[in-house]
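So the structure is just underneath, and the comments pick up after that.
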Amino acid sequence: MSQENNSKAAMMQQRDPERDERYNAQRVEAKWAERWQSDPQLYAADPADSAKKKFYVLEMLPYPSGALHMGHVRNYSIGDALARYMWMNGYNVLHPMGWDSFGLPAENAAIQNRTPPREWTLGNIARMKAQMNRIGFAYDWSREVTTCLPEYYRWNQWFFLKLYERGLAYRKKSLVNWCPKCCTVLANEQVVDGRCWRHEDTLVEQRELEQWFLRITKYADELLRDLDELGGWPEKVRTMQRNWIGRSEGTLIDFKLDYAEPHKGFGPAGATIKVFTTRVDTIYGATSVQLAPQHPIVADLAASNADLRAKVDQLIAEQRNAREAGDIGEIEKHGVFTGRYAINPFNQEKVPIWVANYILMDYGTGAIMSVPAHDDRDYDFAKKYKLEIRLVVLPISNDPEETVTEPVLPYIGHDGMLVNSGPYSGLECIEAIKKMSAFAEQNGFGKATVTYRIKDWGISRQRYWGTPIPMLYCDKDGIVAVPEKDLPVILPENVDITLAGGSPLGRVPEFVNATCPKCGGPARRETDTMDTFVDSSWYFYRYTDAHDDRAPFDSKTAQYWFGERGIDQYIGGVEHAILHLIYSRFWTKFMRDLGLITNDEPVERLFTQGMVIKDGAKMSKSLGNIVSPDEMVARYGADAARLYSLFAAPPDRDLDWQDSGIEGIQRFLGRVYRFVVRNAGAADSSRAGANLSPEERQVRRKLHQTIKRVSDDFQGRWHFNTCISAIMELVNELYAHEEKLAGKESSSALLAEVQRDLILLLAPFAPYLANELWEMIGEKGTLLKAPWPKYDAELAKEEELEIPVQINGKLRSRIIVPANSSEEYVMNQALADEKVRAVISGKQIVKKIYVGGKLVNLVVR
RNA sequence: GCCGGGAUGGCGAAAUUGGCAGACGCAGCGGACUUAAAAUCCGCAGGCCCGAAAGGGCUGUGGGGGUUCGAUUCCCCCUCCCGGCACCA
């Protein structure tokens, strides 16, 4: 510790101790929260005819569970900082919030606490809204959307009718996913590794039920193709959606059942097995047909064959077990020969029909042709059951001398040439696929086709707390849509909710019994409700015109806010990559085809923030590592909580919450506060600061460097952690020079400028403190829309540079040179440096490298 | 198996185009202020070694190799962690 440091510290201490008060975040934040809430227009977007450029920033709306968690705080702090930054840059910002408020938890709460779902939900919304306001998020509450209210869900019903009119909503009996805990059907997207997305310990059952489906597959191709246009989305999400859509080009081929043998009588005469293959070129190598154990023909065969039935049931059980274990990909292949044959339509050859546990009924046609020589799985299977392996493709080598005639099997490559394939021998695979598909089509036993992994969206839920599906069943007229004028179909209240026994609505006679709009006779109402993902598929359009009671929204208004490319910035968790984000893309395309909007995609730029974890694990009640936002706000203040959630990690990475870290942020906020308190009076921008001292120039330089760093990050990579570090460095710089600036008259203009810009820089991240200080320095207007500070490249330039000098790539010395020094000057200084001379003495300089303004490297021998 | 992301001090992290590794913060240590503590302010701080100190040397970004005057950054191989997809025919 030097003498100088001691005296400096003493000086700081002496300066104006009375004004050196502690920052009382609770008091200041309470004051501003009240002021902000008393002005409902504060965060309201300008009307859609505004001349300003629009910016629509949106965070995914929460489910009103009753309390915010730290993941919400992080998500909303990112969006809020961006919204505030855009306001300060003069944009017309739309920053709304709402509630995804239908769903099962409300029903469970109703059963446990005897509280009606509506009451429970609206109470939670009020609590969470109060939390959001306390944290200071800048939402335009005049546009609040609550999906469980009839004002909103009537438009779900309206959309359903439009979908139905266009054949995009239909009713179908099929195997569907049933969660025994939710007591309802789930969409494919809501089943993860064979388990319910809400109950990870619960296996989903397959039940055959009649359900409503939305024809998302009609848009499968467009959903896939447009992913290429979504350059503002994370590659990860685009890949996940590509995988989920799972487009696969191939050929359907009919194998006729063989009746030549004595075992006539299986299947109707002329029945065929339709197989899907991407490699029709290998069909001359097909040595068996493999059926999924659930295939209808298998059921026919097994009906009169108890032994086969038992074996097939065994295969089904194996498949289910593998699915339950989450490793259907690892299943040990088993199969059973049915004793029957099918005819290969290309060469009229008889091939045995097998049933195998690795064939999935829900992909393709549930039947394949097995080509052991050219498919891994078929090869394994054929080896195990000693089926014929027949080579039909040879790899093509560039060098004809090296042509392989006995490739290692299975040979999977597409880049080959057909052999043993009748008239197609000699063709290359790609060519053969085209010709053979065309041949099959011309002869009526097949056609080129495209298969998708994605299935139509099953939206029926046997639950109470959701949007009633606006359909009726009449004995005379069958399925009848509720007329548009009769919407909304109101969800009745005071319903006795139980989980078992089907939809609770089925036990409400006033609801069920209706009149058929066609014949006037009695009709039954549909008692299932819609999947809650319907609600969130279009909610962001409703924000643009939240109180419209004649349409879901006004098209012109929506077009202003969505433009041609959608929401400017959408922020949320990656867990919705193939749920909400694929459904809402589908819904947008449908609304476009209805003529409501002109954009093809709902979201131009998507940001997926990382999780908030603690002690290396996701926060959860069972681990006891939950951090409560309320507690953080009470202990450290809302500014500290949101600033820390941005500072601790880049926003796209997981954030490891540390209580000691937020204490550091609290200290930083106090440091800013004390500095401005001490200097608010001394600073006077009216006094010109002409001849600045080196310290003054240094402080101003740091200011402009900081403005640049923070602005650049908002424009580009969003590493708010380094933005906040930069602001901390600026504050450290101010402290380092404080005593030299504070006393001097000429410094006061500079001080005023720096303080003002510092407050502006903090405003998007710590709005409470920023507003308090804004007022303290005597500014009048609202900080929310104060112009963002401008960066001046001249003022940010360093006057002197410290140039590291390396010798053979190793750092040996540093020299200080004027910023505008020539290469020659820098090199001479480097060579003249004592330490450098000591190292290179007696050696020969082979090469001199100067990287402008950055470094010198001398290569010596 | 395939496709992403990641691995840097005691901890969270930074290094934006191949150019001083560890900014900023936490925890730690020392000092000032205080009767004392808290708060605050000032400093030190990757590791190992030499030195009383000033200072100096070596080493260091998961591991191994390569390109380069120079690699956390580019290339090849490998290990581990996280996420997604998976007999998809």
Side-chain angles (χ1 to χ4, degrees), chain A residues 1-2 4-14 17 20 22 234-240 242-244 246 248 250 275-279 290 322 327-333 356-360 362-371 375-378 380-381 451-453 574-575 577-578 610-611 644 647-650 652-665 667-668 670-671 674 709 712-713 716-717 719 721-722 724-729 732 735-736 738 802-811 814 835 846-849 851 853-860:
Chain A
M1 168 62 61
S2 72
E4 191 192 358
N5 284 337
N6 284 344
S7 64
K8 197 170 170 184
M11 201 172 158
M12 297 288 222
Q13 230 19 54
Q14 283 159 18
D20 252 29
R22 256 183 106 171
E235 189 50 49
K236 180 193 171 87
V237 174
R238 293 200 285 168
T239 305
M240 282 167 76
R242 272 190 205 103
N243 287 340
W244 185 258
S248 174
V275 306
F276 174 72
T277 178
T278 55
R279 292 296 302 274
Q290 302 283 344
D327 61 352
I328 185 78
E330 306 293 317
I331 195 171
E332 193 184 334
K333 292 181 186 59
N357 62 359
Y358 73 97
I359 308 302
L360 307 172
D362 54 10
Y363 184 77
T365 58
I368 64 156
M369 62 177 205
S370 175
V371 185
D375 183 280
D376 281 322
R377 300 151 296 181
D378 296 347
D380 289 350
F381 193 86
T451 299
Y452 297 94
R453 206 182 90 98
V574 75
E575 65 273 15
I578 47 175
M611 284 188 306
Y644 178 67
F647 175 70
D652 54 337
R653 292 248 289 266
D654 286 352
L655 182 158
D656 193 358
W657 190 275
Q658 296 181 346
D659 284 352
S660 58
I662 192 173
E663 282 173 27
I665 291 293
R667 272 199 283 274
F668 164 68
R671 231 165 120 79
R674 284 187 301 276
R709 282 179 66 180
D712 284 356
D713 250 310
R717 58 175 201 164
H719 279 196
N721 53 331
T722 58
I724 295 164
S725 298
I727 299 172
M728 287 173 171
E729 285 179 51
N732 291 346
Y735 268 71
E738 186 176 3
E802 190 188 64
I803 305 286
V805 183
Q806 298 183 339
I807 292 161
N808 291 346
K810 282 197 175 173
L811 180 69
R814 297 165 212 270
K835 286 180 199 158
V846 187
K847 199 169 176 184
K848 298 178 193 169
I849 294 151
V851 183
K854 289 236 171 102
L855 126 165
V856 169
N857 189 14
L858 303 172
V859 185
V860 300

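Predicted model, so just to flag it, every value in this text is computed and none were measured. Proteins get letters first, then strands, A, B, ... in listed order; numbering begins at 1 in each.
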Query raised in the report: Given the C1' atoms of B:A45 and B:A23, what is the spacing between them in whole Å?
Result: 15 Å

Query raised in the report: Is the shortest side-chain N/O distance from A:Y735 to OP1 or OP2 of B:C42 below 4.0 Å?
Result: no

Requested in this report: Using only heavy-atom distances, decide whether a donor-acceptor pair under 3.5 angstrom links the side-chain of A:K333 to the base of B:C87.
Outcome: yes

Report task. Using a 4.0 Å heavy-atom cut-off across all strands, classify A:G664 as base, sugar-phosphate, or nothing. Result -> sugar-phosphate

Query raised in the report: Between A:K810 and B:U59, is there a side-chain N or O to OP1/OP2 distance below 4.0 Å?
Result: yes

Report task. Pick the P atom in B:C75 and in B:G5, then give their distance to the nearest Å. Result -> 12 Å

Query raised in the report: Whom does B:G30 pair with, Watson-Crick or G-U wobble, provided both distances fall under 3.5 Å?
Result: B:C42

Requested in this report: Indicate, with a heavy-atom threshold strictly under 4.0 Å, whether A:E802 touches base, sugar-phosphate, or nothing.
Outcome: base

Query raised in the report: Are any of the side-chain heavy atoms of A:T722 and A:R717 separated by less than 4.5 Å?
Result: yes

Report task. Check the side chains of A:D378 and A:Y358 for a donor-acceptor pair under 3.5 angstrom, ignoring hydrogens and angles. Result -> yes

Query - Distance, P atom - from B:G6 to B:G43, rounded to whole angstrom - result: 36 Å

Query raised in the report: For the side chain of A:N857 and the base of B:C69, is some donor closer than 3.5 Å to an acceptor across the two?
Result: yes

Query raised in the report: From the list B:A23, B:A89, B:G25, which nucleotide is the closest neighbour of the side chain of A:R377?
Result: B:A89

Query raised in the report: Under a 90° cut-off about 0 for the syn range, is B:G9 syn or anti?
Result: syn

Query raised in the report: Quantified in whole Å, what is the P atom distance between nucleotide B:U67 and nucleotide B:A13?
Result: 34 Å

Query raised in the report: Any side-chain N or O of A:R671 under 4.0 Å from OP1/OP2 of B:C41?
Result: yes

Report task. Using a 4.0 Å heavy-atom cut-off across all strands, classify A:E235 as base, sugar-phosphate, or nothing. Result -> nothing

Query - Atom P, compared across B:U8 and B:U61: separation rounded to whole Å - result: 11 Å

Report task. On RNA chain B, check which nucleotide each of A:E663 and A:L855 is closest to and give me the residue with the more 5' one. Result -> A:L855

Query raised in the report: Is there a Watson-Crick or G-U wobble partner for B:U79 with both distances under 3.5 Å, and which nucleotide is it?
Result: B:A7

Report task. Pick base, sugar-phosphate or nothing for A:I665, based on heavy-atom distances below 4.0 Å to the nucleic acid. Result -> nothing

Report task. Name the closest nucleotide to the A:I368 side chain, picking from B:A89, B:U40, B:C87. Result -> B:A89

Report task. Just call it for A:V859: base, sugar-phosphate, or nothing, with non-hydrogen atoms closer than 4.0 Å on any strand. Result -> sugar-phosphate

Query raised in the report: Say you pick atom C1' in B:C82 and the same atom in B:G64; how far apart are they, in whole Å?
Result: 24 Å

Report task. Would you mind building the protein contact string for nucleotides 7-14 of chain B? One character per nucleotide, 5' to 3', B for base within reach (heavy atoms under 4.0 Å), S for sugar-phosphate only, - for untouched. Result -> ----SBSS

Query - C1' gap between B:U34 and B:G22, integer Å - result: 35 Å

Query raised in the report: Do A:R674 and A:E738 pass the salt bridge (Lys or Arg N to Asp or Glu O under 4.0 Å) test, and can you show the C-alpha distance, the side-chain angles, and the key distance before you say yes or no?
Result: CA-CA 12 Å; A:R674 284 187 301 276; A:E738 186 176 3; over 6 Å; no

Requested in this report: Could you work out the separation of B:G25 and B:A15 based on their P atoms and round it to a whole Å?
Outcome: 16 Å

Query raised in the report: Would one find a side-chain N or O of A:R242 under 4.0 angstrom from OP1 or OP2 of B:C3?
Result: no

Query raised in the report: Between B:G19, B:U40, B:A89, which one does the side chain of A:K854 approach most closely?
Result: B:G19

